[in-house]
Amino acid sequence: MRLSLYPITNLKELPADADVISHQLMLRAGLIRRVAAGLYTWLPMGLRVLRKAEAIIREEMNRAGAFELLMPTIQPAELWQESGRWEQFGPELLRLTDRHDRRFVYGPTHEEVITDIARRELKSYRQLPVNFYQIQLKFRDEVRPRFGVMRAREFLMKDAYSFHVDEASLDQGYRLMFDAYTRIFTRMGLKFRAVLADPGAIGGTGSQEFHVLAASGEDAIAFSDGDDYAANLEKAEALPPRTPRPAPQAAATLVATPKTHTIAAVSALLGVPAERCIKTLIVDGSDGGLVALVIRGDHELNAVKAQNLAAVANPLRMADPTRISHALGAQIGFLGPVGLSCPLIVDHSAAALADFVCGANQDDAHLTGVNWARDLAEPVVADLRNVVAGDPSPSGQGTLSIARGIEVGHVFKLGRKYSDALGATVLDEGGKAVAPWMGCYGIGVTRVVAAAIEQNHDAQGIVWPDALAPFDVVLIPMNLHKSTRVRDAADELYRTLTQQGFDVLLDERDARPGVKFADAELYGIPHRVVIGERGLDAGTLEYRSRRATDNEDVPVAELIAFLKSRAQG
RNA sequence: CGGGGCGUAGCGCAGUCUGGUAGCGCAUCUGCUUUGGGAGCAGAGGGUCGUAGGUUCAAAUCCUAUCGCCCCGACCA
């Protein structure tokens, strides 16, 4: 591509509304432009990157034996009513009505449509296992789209769905996809980690997420230093303390704590560390009543663990404050487990405390020196909290650290939830109709691009991994307009490299060298070749990797071999 | 959904408090010079000041409504 012909504009100044680095660089380098909140146009340079990512995904999916198809973005409401998700899905499901008053959704995912295909097309176990995938736009009406293309409302996703006659075959298909994902992200040159995950709203039995590691990641990942255990913070299990609860020493005492309704304030006022205070959180119960969740003052409630409890409403909702003070006789901030008139579920670590501080269930008062089994009943315990760095690993090996990641892929075992709901069946070997086991496997293609930048950039701009770069090589001729030798050499090189299969960007603009260098660096082209009179006299070209700070002189005749050895793309 | 903030030229901003008919930098266009790390000079084009009402002789500026966008929070006991 000749840069003077290429429709690209970059920005020296940052658009004011971009706050994460990938969003800033994608705007500055002219990869994307915002159309509305969470909606972006991919400009030609950006689309090249997106297509490279797609191509890798497509190749590896095909290699794994999956079949590409294309489903519509708009889906009939009936399918969602059949699966029950018409009601289950919240406001992020965009619902539409056509001119005939028929209801549709803009698909946030495609389990219903694929299962509908399956029930029509798959009749026999002989057709299984089979895996269908597509690369298609999705729409989720996020409460708060942010971070540019990273959490957009419309995004490009690769989604795959596999069908199996039994669970063993599903396990096999799942492993196949896990391996394919590992190859995909490895080929993309990304540092990533597969972690155990909560299956969440999509449902199912087993799932793992693939996270690109980056400080700006929205998700916290817990991983062990003792083995390869890694889990989403939502999912990471907090083990019960190994040491038994100490014997009571103090007597339970009512103390006045006016206007002291945070753990920090209580802890400061009473001189008791937060880890010996107790938080009592009131949430809506699954039966419409209230449920108290009790955790240690220095811990955070894990919403996923909480809402997975039978007694707790799913999704988790904090109870209405007015309702709390009416039903429980004290305001938020002064609640505690002693004499509380609603069911109580206590985190392991809170249950292991002795002589702790908690709200007194009357305003402006707390209790100190409280002990389980003496001042109140032995508690019902559960794992309610987020793990913290230093907790023992649930794998039994080592301790946990917490890192940040960007979720770019997710593999699930769905089981038979959708095939049951939509009545998809195949005949098994014995001629009996059985609902196929399903797996589903997603990759956020647009998010991968942003994640790649989050992980690979410097003060000058993007530093593309070879496999994702919009162009492999940028040619920068010096004094182009004056030197026919340079011009001829540049043209020749451009032709040859293109013929050799490189994506080449020739910067033949009549601009100063500094401008060209700066732009090439902003765009993140991995390999740069400068063509100048000086070098030509010596029979050399000047090479510089985007990741390097020094030039290397390469004899003209050896350039192609040299580039081939450097560029893995 | 709660809180905060912002809408003035393609981008970044000033002007709003104190009303008087719109400005700066970058970008763009023209010419000349310049050309190994974001050039210089001279000139030019480009804005219904988000939208709709209202107040006023006069509104970017004051009032009301509305739309859009951004940030923080939504684990607080």
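Letters A, B, ... are given to chains in the order of the sequence lines, protein chains preceding strands, and every chain is numbered from 1.
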Distance check, [atom1] atoms only: [N] and [M], in whole angstrom units.
N	M	atom1	answer
A52(B)	A60(B)	P	13 Å
G50(B)	G40(B)	P	32 Å
C11(B)	G47(B)	C1'	14 Å
C1(B)	C62(B)	C1'	32 Å
G2(B)	U66(B)	P	14 Å
G23(B)	U48(B)	P	14 Å
G20(B)	C63(B)	P	15 Å

Over 60° means perpendicular and under 30° means parallel, so classify the ring planes of F471(A) and Y6(A), tilted if in between.
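Aromatic pair Y6(A)/F471(A) classed perpendicular.
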Partner residues of [X] under the side-chain contact (heavy atoms from CB on, under 4.5 Å) criterion, sequence neighbours left out:
X	answer
D519(A)	N10(A), R509(A), V515(A), Y523(A)
S224(A)	D227(A), Y229(A), S393(A), S395(A), L400(A)
L239(A)	E237(A), P392(A), P394(A)

Across all strands, who's sitting opposite [N] as a Watson-Crick or G-U wobble pair, both distances under 3.5 Å?
N	answer
U21(B)	none
A39(B)	U33(B)
U64(B)	A52(B)
U28(B)	A44(B)
C75(B)	none
C69(B)	G5(B)

So, is the end of the R103(A) side chain (NZ or CZ) under 6.0 Å from the ring centre of W80(A) and within 45° of the ring's axis?
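The answer is no; the distance or angle limit is not met.
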Quick check for you: among [options], whose closest atom lies nearest to any side-chain atom of [X]?
X	options	result
E300(A)	C70(B), G38(B), C75(B)	C75(B)
V515(A)	C71(B), A39(B), C69(B)	A39(B)
A37(A)	G37(B), C69(B), C71(B)	C69(B)

At a heavy-atom distance below 4.0 Å, what parts of [range] sit against RNA chain B?
range	result
residues 26-36 of chain A	R28(A), R34(A)
residues 339-362 of chain A	none
residues 255-276 of chain A	H261(A), T262(A), I263(A)

With heavy atoms under 4.0 Å as the rule, sort [X] into base, sugar-phosphate or nothing.
X	answer
R544(A)	base
A303(A)	base
E521(A)	base
R528(A)	base
N386(A)	nothing

Approximate separation, where rounding is to 0.5 Å, of [X] [atom1] and [Y] [atom2]:
X	Y	atom1	atom2	value
I263(A)	D298(A)	CD1	CG	9.0 Å
L233(A)	N302(A)	CG	CG	6.5 Å
I295(A)	D347(A)	CD1	CG	7.0 Å

Salt bridge (charged side-chain N to carboxylate O under 4.0 Å, His left out) involving E87(A) - partner list, sequence neighbours excluded
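Partners of E87(A) under the salt bridge (charged side-chain N to carboxylate O under 4.0 Å, His left out) test: none.
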Could I get the full list of salt bridge (charged side-chain N to carboxylate O under 4.0 Å, His left out) partners for R544(A), not counting sequence neighbours?
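With neighbours one apart ignored, the set is empty.
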For residues 268-284 of chain A, which side-chain N or O atoms pair as donor and acceptor with protein atoms under 3.5 Å away, sequence neighbours left out?
{"residue": "R276(A)", "atom": "NH1", "partner": "D355(A)", "partner atom": "O", "Å": "2.6"}
{"residue": "K279(A)", "atom": "NZ", "partner": "H299(A)", "partner atom": "O", "Å": "2.9"}
{"residue": "D284(A)", "atom": "OD2", "partner": "R317(A)", "partner atom": "NE", "Å": "3.0"}

Qualifying residue for side chain to side chain contact (heavy atoms under 4.5 Å, CB included) with L475(A), from L505(A), I531(A), L541(A):
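When side chain to side chain contact (heavy atoms under 4.5 Å, CB included) is applied between L475(A) and each of L505(A), I531(A), L541(A), only I531(A) qualifies.
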Could you tell me whether D507(A) and R2(A) have a side-chain N and a carboxylate O separated by less than 4.0 Å?
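So D507(A) does not pair with R2(A) through a salt bridge.
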F517(A) vs R512(A), side chain to side chain contact (heavy atoms under 4.5 Å, CB included): CA-CA, chis, key distance, verdict
CA-CA 9 Å; F517(A) 294 146; R512(A) 302 168 70 85; over 6 Å; no
Starting from [atom2] on [N], measure out to [atom1] on [X] and report it in whole angstrom.
X	N	atom1	atom2	value
Q307(A)	C75(B)	CD	P	11 Å
D298(A)	C75(B)	CG	C1'	14 Å
D383(A)	C75(B)	CG	P	18 Å
E142(A)	C1(B)	CD	C1'	15 Å
D537(A)	G36(B)	CG	C1'	15 Å
D507(A)	G37(B)	CG	P	15 Å

Pairs of donor and acceptor atoms involving the side chains of residues 325-342 of chain A, under 3.5 Å and at least two apart or interchain, shall be tabulated with distances.
{"residue": "S325(A)", "atom": "OG", "partner": "P321(A)", "partner atom": "O", "Å": "3.2"}
{"residue": "S325(A)", "atom": "OG", "partner": "T322(A)", "partner atom": "O", "Å": "3.1"}
{"residue": "Q331(A)", "atom": "NE2", "partner": "D363(A)", "partner atom": "OD2", "Å": "3.3"}

A511(A) to K516(A) - nearest heavy-atom pair and separation
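Result for this residue pair: O-CE, 3.6 Å.
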So which protein N/O to nucleotides 7-14 of chain B N/O distances come out below 3.5 Å?
{"residue": "G12(B)", "atom": "OP1", "partner": "A16(A)", "partner atom": "N", "Å": "2.9"}

Using side-chain heavy atoms (C-beta onward) and a distance below 4.5 Å, is R528(A) in contact with N551(A)?
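Sidechains of N551(A) and R528(A): in contact.
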Taking atom types as modelled, is there a side-chain donor on E454(A) or H457(A) under 3.5 Å from an acceptor on the other?
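On atom types as modelled, these side chains do not qualify, holding no pair under 3.5 Å.
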Looking only at side chains, do S545(A) and H527(A) share a donor and an acceptor under 3.5 Å apart?
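Side-chain D/A pair, S545(A) to H527(A): absent.
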Which atoms of nucleotides 32-35 of chain B (N or O only) lie under 3.5 Å from a protein N or O atom, and what are those distances?
{"residue": "U34(B)", "atom": "O2", "partner": "R512(A)", "partner atom": "NH1", "Å": "3.0"}
{"residue": "U35(B)", "atom": "O2'", "partner": "N479(A)", "partner atom": "OD1", "Å": "3.3"}
{"residue": "U35(B)", "atom": "O4", "partner": "H481(A)", "partner atom": "NE2", "Å": "2.9"}

